[in-house]
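Here is the structure we will look at, set down as structure tokens.
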Amino acid sequence: MYFGVITLFPEMIDAVTKFGVTRRACENGLIKVDCINPRDYTEDKFGNVDDKPYGGGPGMLMQVQPLRDALRVARSQAPKDTKVVCMSPQGVQLNHSLVTDIHSWGSVILIAGRYEGIDERVLQKEVDLEVSVGDYVLSGGELPAMCIIDAVSRMVPGVLGNIQNAQEDSFAQGLLHFPQYTRPEEIDGMRVPEVLMSGNHEKIRNWRLQQCLGRTYERRPDLLKNRVLTKLERKLLDEYLQEHDF
Ligand SMILES: Nc1nonc1C(=O)N[C@@H]1CC[C@H](O)C1
């Protein structure tokens, strides 16, 4: 999987290329992350890449020319016809389905804006999709871009120790994840649920599924709205709701 990142702060992207499973993925050649800095391509003699918004208003905007030329370089380094995604609060909400789609592309160029955003003409001419990580405003698109790099990389075979992890990730099943415990069995008067130490794999599987269903019902009922429950799932959820006085 290829990621091209257009960013004024390439050193920020070290957070995914120099740590954890994504670092190992880079070292193993499973993913490649290139950073292209618009400041290296500005024609402004003072090195500026931003200017005031027409029509007035607070802050500055990133100008077309440095972004356009940085994108040209990014496209030349990326596989042919690589799609361009701009991180923006005006974008479609990032979710498991969109992460899966981006993974299926095999490559993506991510624009991480700064200041108040970027000139609309870049969006119109160069960008295939605007993507948002949530309904709030950040200081830059780098953290959102790294969310995409991390989430998409986890889907690349070999990046995670056991492919099952990606498939078991919460949203891969369309449900929230079950609660997890590790040693010791008891601490501060809190015990690990007995079922998890029973060695009965079917009971453990059903308990975990029940917890997924119950948690999703309590915290993200929207995820259950279009889900057709199996007979077992319906039974487990009904039990959970009774036990929790719903
Ligand atoms: N929420 C978000 N999801 O993706 N990106 C954002 C976001 O707030 N971006 C900032 C807006 C102006 C600045 O350029 C960067």
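Order of appearance sets the numbers: ligands from 1, and atoms from 1 within every ligand. Predicted model, so just to flag it, every value in this text is computed and none were measured. Here, residue 1 is the first one in the sequence, and each next residue gets the next number.
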Apply the test salt bridge (charged side-chain N to carboxylate O under 4.0 Å, His left out) to residues K203 and E194: give CA-CA distance (whole Å), side-chain angles for both, the deciding distance (0.1 Å), then the verdict. CA-CA 11 Å; K203 267 191 171 180; E194 292 304 325; over 6 Å; no
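- Minimum interatomic distance between Y41 and I36 (heavy atoms only, all atoms of both residues): CE1-CG2, 3.6 Å.
- Hydrophobic clustering (side-chain heavy atoms under 4.5 Å, transitive across Ile, Leu, Val, Met, Phe, Trp, Tyr) groups I13 together with F9.
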Cut-off 3.5 Å, no hydrogens considered: what does the side-chain donor-acceptor table look like for residues 221-229, sequence neighbours left out?
{"from": "D222", "atom 1": "OD1", "to": "R220", "atom 2": "NE", "distance (Å)": "2.9"}
{"from": "D222", "atom 1": "OD2", "to": "R220", "atom 2": "NE", "distance (Å)": "3.4"}
{"from": "D222", "atom 1": "OD2", "to": "R220", "atom 2": "NH2", "distance (Å)": "2.8"}
{"from": "R227", "atom 1": "NH1", "to": "Q173", "atom 2": "O", "distance (Å)": "2.9"}
{"from": "R227", "atom 1": "NH2", "to": "E233", "atom 2": "OE2", "distance (Å)": "3.1"}

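- Enclosure of atom CD in E120 by more than 12 non-hydrogen atoms of other residues, nucleotides or ligands within 6.0 angstrom is indicated.
- Here the closest non-hydrogen pair linking I31 and S153 is CD1-OG, 3.5 Å.
- Protein residues lining ligand 1, listed by chain and number: M87, S88, P89, G113, R114, Y115, E116, G117, V131, S132, V133, G134, Y136, V137, L138, G140, G141, P144 [non-hydrogen atoms, distance under 4.0 Å].
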